[in-house]
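Comments concern the structure below.
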Amino acid sequence: MNGQIGVYICECGPNIKDRIDIDKVIEDISSLGDVKTVKRFPLLCSNDGKKFLEEEIKKEDLSHLVVAACSPREHEKTFMDVCEQADFNPYLFQLINIREHCAWMISDKNEATAKAIKYIRAGIRRVALHRPLEKKEIESIPDVLVIGGGVSGLEASLSLAGKDRRVYLVEKTGSLGGMAKKLSQLLPNQGSNLSLIDEKVEQVHNNENILVSTSSTVGDVRGFLGNFEIVIHTDGETSGFRKAQVGAIVVATGFDVFDPEENSQYGYGIDNVFTAQEFEEQIKSGNVLLKSGKPPESVAIIHCVGRKERGYCSKVCCCYSIKFAHYLKDNLSNVNVSELYVDLCLPHKSDQEYFEEAKKKGVHFVRSEEEINVNQKGDQIEVEYHSEGKTDSIVVDMVVLAPAMIPSGDTPELAHLLNIPLDKSGFFKEIHEVLDPISTPIEGIYIAGCATGPKNIPESIVQSQAASGKILSSLIPGEKIVPEVKVSEIREEFCTGCQTCLSVCFYGAIRFDSFKGISVVNEAICRGCGSCVGSCPSGAIRSKHFTYPQLYREILEALR
Amino acid sequence: MKKQNVLVVGAGLAGMKAALLLANAGVTVYLLEKESLIGGQTIKFEEVYPNMECATCMVSPIQQDVLQNKNIELFLLSELESVEGETGRFKVKISKKARYVSLVNCIGCDACYEPCPVNLDNEFEENLSKKKAISVPCAGALPNVPNIDPENCLRLNGKKKECKACQEACVFDAIDFTEKDETLDLEVGAILVATGFDLFDIETLPQFGYGKFPNVYSAMEFERLYAQNGPTEGELILRKDGDLKSIGIIHCVGRKEQGYCSGVCCMYSAKFAHFLKHKIHEAKIYEFYTDLCIPGKSHQSFYEETRQKGVDFIHNETIRVESQKDRLQITYRDGNGSDSVVPMDMVILSPAMIPGKGTEQLAKTLGINLDKHGFFNTQNERLSPVSTEREGIFVIGCAEGPKDIPDSVLQAEAAVGKILASFR
Ligand SMILES: Cc1cc2nc3c(=O)[nH]c(=O)nc-3n(C[C@H](O)[C@H](O)[C@H](O)COP(=O)(O)OP(=O)(O)OC[C@H]3O[C@@H](n4cnc5c(N)ncnc54)[C@H](O)[C@@H]3O)c2cc1C
Ligand SMILES: Cc1cc2nc3c(=O)[nH]c(=O)nc-3n(C[C@H](O)[C@H](O)[C@H](O)COP(=O)(O)OP(=O)(O)OC[C@H]3O[C@@H](n4cnc5c(N)ncnc54)[C@H](O)[C@@H]3O)c2cc1C
Ligand code: SF4
Ligand code: SF4
Ligand code: SF4
Ligand code: SF4
């Protein structure tokens, strides 16, 4: 090969200069074939250094560029920017770390110099095989599909819809609002008043940029960020289907609740044992009554129903159980209210005060570490509990069960349709639980609200606004999308169609072309992680910037 | 309203995440940080629950992105002086202290620290180590550029005007003693407040023995003690040497006084136990809690895993720390009212998260309200959890109240959603 490789060594002040014999390095490297020039410079990352490099690239008419300096973490981007400035493809450049890996690591100057020479030689071998990679630009559609019309879906739709962005809101049931519409009231720190939810529903209906489909589900989804093709199925009177193109999707399908009948110890089925939702309805109708038509004189509210079975705390039930206690104390005179809890989960800054107020109103809080048993006792109900090693019981007129929040029924099918993963509890799984809690491995598909796990209404709203933040920041009307450049490709002639790679790709970038009988990488989705490359038994997959020859040449030279 | 510049106050995880997302949308962001480095509290951690990921590996790429982003203009050692105007056209004044070290010239070689004759307690390291008048607060600080503390530098405070030991050591011409404090005027369309939290002053509760017994530590001290990049490089070197056979972690310190649960201490206490069990297999680890607050879908399994490792979780109503001969001891009362005593070699206190210092002043400057606990108040009861009553000003992360990293990140992204939605 007739390369014109330029090698530039940074002195990094005394950092490299004092600990590596740069002249010796230059002498050694200069003798290599394909190397056009080797030069040293005091501080390449400085403005002078960058200008020098830019001029060198042009003046020396380089084919490839090697910089031997510090960690790529520190300055790879700096030098890639210099390349662009010089109209030089930045993928024809390689940064060699002789500071952290050599100068700072090895106290013996000769050894450090020898290692630096090996590194630079290896880099030169590798860079000679680099090919220019070009950025692609893809047109994108700003419109968004929102699945689920609970508070989360409503909020997402409202914050996304605008004159330059349409939202398709798909709700399975006949009306919008989800669970929030069925509640009796909200907590005081949430304004108590449910009219805010009604307002949101109305705003959605009145917004001409939101196309609402109730009694509908999503039938098909294909494509990638900026370019999804979707099909919406509608049942009932206006049955039919609608096709649309969207740039992003927000999944806000909410939750269901644990069925207390699953475990007989909770006594569901006994007269006057209700679930929390049934109790919300009773409060809403203004009639908290026993089967006999009389108001209860004593009520036990049982927390954590299904927590043990599900293996997680649902985070909101302690607070709404306290909401029930407040309601009872405020509306039924002389009612005796007991809350049987395991641990009180009061994680928000105003929760504890709400609890303390309930205590002041005379609500009994009873700690019960283990199993609770609910049994009929005459006209009444006996609740047996265990605390600090002792068994005790209370007899009450009414029992309210606070069941765990569980993934909504359609979650597995929807996950399959969208090709996004579920976590071990069956909720949609975030790409990174701590740093990126609403993104999925499929770029452009976001999850919000209780679809990702139990949470209250403000937290659900925050997630929806966060999804909007992500979409508004990345899918800008009129702007093109630039996907990852260092992607993988499958070479048709080697692929046997075994489809191993399909199961390996975390991002869903590989599709099977059944006509040709081979797998194909969608370069708009691929993030260049390289997992598929290693998995392919036929060696058919190539990572464009990490080809086998590049890596072999580099390693061979380093080991020589 | 068309696209405008945005001011973010506080460069912790919440502030950094918000700045990056705004910058990605092409918005110019002014990111204000009162310290000399960015990252906030999370850069002090070794690991992050619930997946025990390496904190540095998580946070430092974000810090790098912030430093390299062309749309983010960073103002370090800076604070907000005044805010005038209204949403869409806020006029803000910023005071920026002199760093005395050039962010452009300095390459972070650390040659200047050693020659400096001034030795100081390092507050960032919870005073577990010393630093010089010119220094970075910890290994791996970003930007990796020291600053000179003008109150303690002999030249700048006038005690030894001729000292220039640091300048002589610097071959990059990075040190400039003539740099002056500045005030800057900016115009922005929206303001994001991300000033984080502080921890409850545990010395005010004598029953826990902090300050009195050397081997009683605060949670943040423990974070630095077990951090690989901390003052002991991750070795559990105690203030008072001795065998570590029994370690107690006490939850909810200051909860009663503050009147709320901080929502994260149960989990990070379990994180400590997790680490300790791993580090010293034979030690007995006790967690003393009042209520276990482990909300969220994966937290309980982390707790259960910790318990399976042999960590004892003990419910208590009241608790105190005393000394007993050479060791410590914890006396607690359980739900039945009976007292028990357990001997201890080390005690870690998990204090309540409280509003950051200066929150009250900042609220005045911004013209927004505080809640009854002293955190910034938001429009939660209008179901708009990151908006304040002053349009165009948003509060995110722990500045709004105690929360963990995911919730802080979500609020950051949510505020960006609100702002970008208003820009069209
Ligand atoms: C008894 C009880 C009391 C509560 N009290 C309070 C309280 O006082 N304060 C508070 O803040 N929180 C409270 N909560 C929690 C609150 O209900 C939730 O935070 C909130 O409803 C979550 O909203 P969401 O939109 O995420 O989910 P949901 O309300 O569940 O809405 C999801 C929507 O998606 C639709 N959907 C589902 N699958 C599909 C599909 N495949 N295609 C299309 N649409 C689909 C559903 O029909 C539904 O309309 C309470 C919860 C319970 C169980
Ligand atoms: C001991 C401990 C362990 C923890 N462990 C975990 C864990 O494992 N996992 C987890 O998810 N969470 C954990 N947390 C919680 C986590 O620390 C917080 O969620 C997170 O730090 C919040 O980020 P923030 O950006 O809101 O605030 P901060 O990290 O406090 O950042 C605020 C920033 O604003 C700056 N600032 C303050 N005031 C001003 C001002 N006036 N002007 C300019 N700048 C200002 C500060 O200097 C700081 O840089 C832990 C907390 C503690 C106390
Ligand atoms: S929020 Fe309370 S009732 Fe609900 S699961 Fe958690 S501890 Fe149990
Ligand atoms: S490189 Fe990674 S993202 Fe790209 S196709 Fe292969 S496995 Fe998928
Ligand atoms: S001038 Fe002297 S005292 Fe001041 S920072 Fe430099 S070396 Fe330290
Ligand atoms: S100021 Fe100079 S000597 Fe000090 S770290 Fe920066 S470059 Fe090195």
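Bear in mind the structure is a predicted one, so any value in this text is a computation, not a measurement. By convention in this document, chain letters (A, B, ...) are assigned in the order of the sequence lines, proteins followed by strands, and residues within each chain are numbered from 1. Only this structure's heavy atoms are used, side chains among them; waters, hydrogens and symmetry mates stay out.
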| field | Heavy-atom proximity to chain B below 4.5 Å, by part of A/K77 | value | side chain
| query | Yes or no on side chain to side chain contact (heavy atoms under 4.5 Å, CB included) for B/L13 and A/L435, after CA distance, side-chain angles and deciding distance? | reply | CA-CA 9 Å; B/L13 211 45; A/L435 286 181; 4.0 Å; yes
| Are any of the side-chain heavy atoms of A/K390 and B/N336 separated by less than 4.5 Å? | yes
| Among all residues two or more places apart in sequence or in another chain, which pass the ring-ring contact (aromatic ring centres under 6.0 Å, His included) test with B/Y49? | B/H299
| note | Under 4.5 Å to a heavy atom of chain A? For B/K17 that would be side chain
| query | Where do B/F172 and A/P14 come nearest, in terms of heavy atoms and distance? | reply | CZ-CD, 3.5 Å
| query | Which region of A/F355, side chain (C-beta onward) or backbone (N, CA, C, O), has a non-hydrogen atom less than 4.5 Å from a non-hydrogen atom of chain B, or is it both or neither? | reply | neither
| Shortest non-hydrogen contact between A/S159 and B/A421, atoms and distance | O-CB, 3.6 Å
| In terms of heavy-atom proximity below 4.5 Å to chain B, should A/L472 be classed as side chain, backbone, both, or neither? | both
| said: Please classify the contact of A/I461 with chain B as side chain, backbone, both or neither, using a heavy-atom distance under 4.5 Å. | reply: side chain
| Do other residues, nucleotides or ligands put more than 12 heavy atoms under 6.0 Å from the NZ atom of A/K429? | no
| query | CG of B/D173: more than 12 outside heavy atoms within 6.0 angstrom? | reply | no
| Are the side chain of A/K349 and the backbone of B/K372 linked by a donor-acceptor contact shorter than 3.5 Å? | no
| query | Side chain, backbone, both or neither: which part of A/S474 has an atom under 4.5 Å from a heavy atom of chain B? | reply | both
| Who among A/D423, A/D351, A/V151 has the most heavy-atom pairs with chain B under 4.5 Å? | A/D423
| field | Verdict with supporting geometry, A/D343 and B/I294, side chain to side chain contact (heavy atoms under 4.5 Å, CB included) | value | CA-CA 9 Å; A/D343 279 301; B/I294 43 175; over 6 Å; no
| said: Please classify the contact between B/T290 and chain A as side chain, backbone, both or neither, with a heavy-atom cut-off of under 4.5 Å. | reply: backbone
Side-chain donor-acceptor distances from residues 57-70 of chain B under 3.5 Å, at least two apart:
| residue | atom | partner | partner atom | Å |
| --- | --- | --- | --- | --- |
| B/S60 | OG | A/R73 | NH2 | 2.6 |
| B/S60 | OG | B/T56 | O | 3.2 |
| B/Q63 | NE2 | B/I38 | O | 2.8 |
| B/Q68 | NE2 | A/E74 | O | 3.4 |
| B/N69 | OD1 | B/N71 | N | 2.8 |
| B/K70 | NZ | A/D81 | OD2 | 3.3 |

| Going from CD1 on B/I419 to OG on A/S473, what distance comes out if it is rounded to the nearest 0.5 angstrom? | 11.5 Å
| Nearest atoms (heavy-atom pairs only) where A/G191 meets B/E381 | N-CB, 3.2 Å
| Out of A/P437, A/P188, A/S468, which one racks up the most heavy-atom pairs below 4.5 Å with chain B? | A/P437
| Contact origin within B/Q379 toward chain A - heavy atom pairs under 4.5 Å | neither
| field | Per-residue contact mode, A/C70 against chain B (heavy atom under 4.5 angstrom) | value | neither
| What is the distance from atom CD of A/Q352 to atom SG of B/C293, rounded to the nearest 0.5 Å? | 10.5 Å
| A/K308 atom NZ, neighbour heavy-atom count above 12 within 6.0 Å | yes
| field | Distance in Å, A/L43 CG paired with B/N105 CG, rounded so as to fall on 0.5 Å steps | value | 8.5 Å
| How close do A/V434 and B/I405 get, heavy atom to heavy atom, and via which atoms? | CG1-CG2, 3.6 Å
| task | Answer yes or no: is there a side-chain heavy-atom contact under 4.5 Å between B/S301 and A/K424? | result | yes
| said: With rounding to the nearest 0.5 angstrom, report the CD to NZ distance, A/Q465 to B/K418. | reply: 5.0 Å
| field | CG-CG distance between B/L410 and A/D436, expressed to the nearest 0.5 angstrom | value | 9.0 Å
| query | Where does A/L475 contact chain B at under 4.5 Å (heavy atoms): side chain, backbone, both or neither? | reply | neither
| request: Heavy-atom distances under 4.5 Å only: say whether B/N144 touches chain A with side chain, backbone, both or neither. | output: neither
| query | Does the side chain of A/V462 reach to within under 4.5 Å of the side chain of B/D407, using non-hydrogen atoms? | reply | no
| task | Could you tell me which of A/S46, A/S350, A/A161 has the largest number of non-hydrogen atom pairs under 4.5 Å with chain B? | result | A/A161
| request: Counting only heavy atoms closer than 4.5 Å, note whether A/P477 contacts chain B via side chain, backbone, both or neither. | output: neither
| message | Using salt bridge (charged side-chain N to carboxylate O under 4.0 Å, His left out), reason through A/E433 and B/K297 one step at a time and then give a plain yes or no. | response | CA-CA 10 Å; A/E433 196 177 345; B/K297 56 182 183 177; over 6 Å; no
| task | Tell me, for A/L160 versus chain B, whether the close heavy atoms (under 4.5 Å) come from the side chain, the backbone, both or neither. | result | backbone
| said: To check you understand the geometry: which heavy-atom pair defines the closest contact between A/P458 and B/P385, and what is its length? | reply: O-CG, 3.6 Å
| message | In the structure I gave you, are the side-chain heavy atoms of A/R99 and B/I107 within less than 4.5 Å of one another anywhere? | response | yes
| query | If you measure from CG on B/L420 to CD1 on A/I476, what distance do you get to the nearest 0.5 Å? | reply | 7.5 Å
| Of the backbone (N, CA, C, O) and the side chain (C-beta and beyond), which part of A/I406 lies under 4.5 Å from a heavy atom of chain B, both, or neither? | neither
| What part of B/D404 is in contact with chain A, defined as an atom under 4.5 angstrom from a non-hydrogen atom: side chain, backbone, both or neither? | neither
| Is there side-chain contact between A/R367 and B/D291, with at least one heavy-atom pair below 4.5 Å? | yes
| query | Top residue by heavy-atom pair count (under 4.5 Å) with chain A, among B/V104, B/V48, B/D371? | reply | B/D371
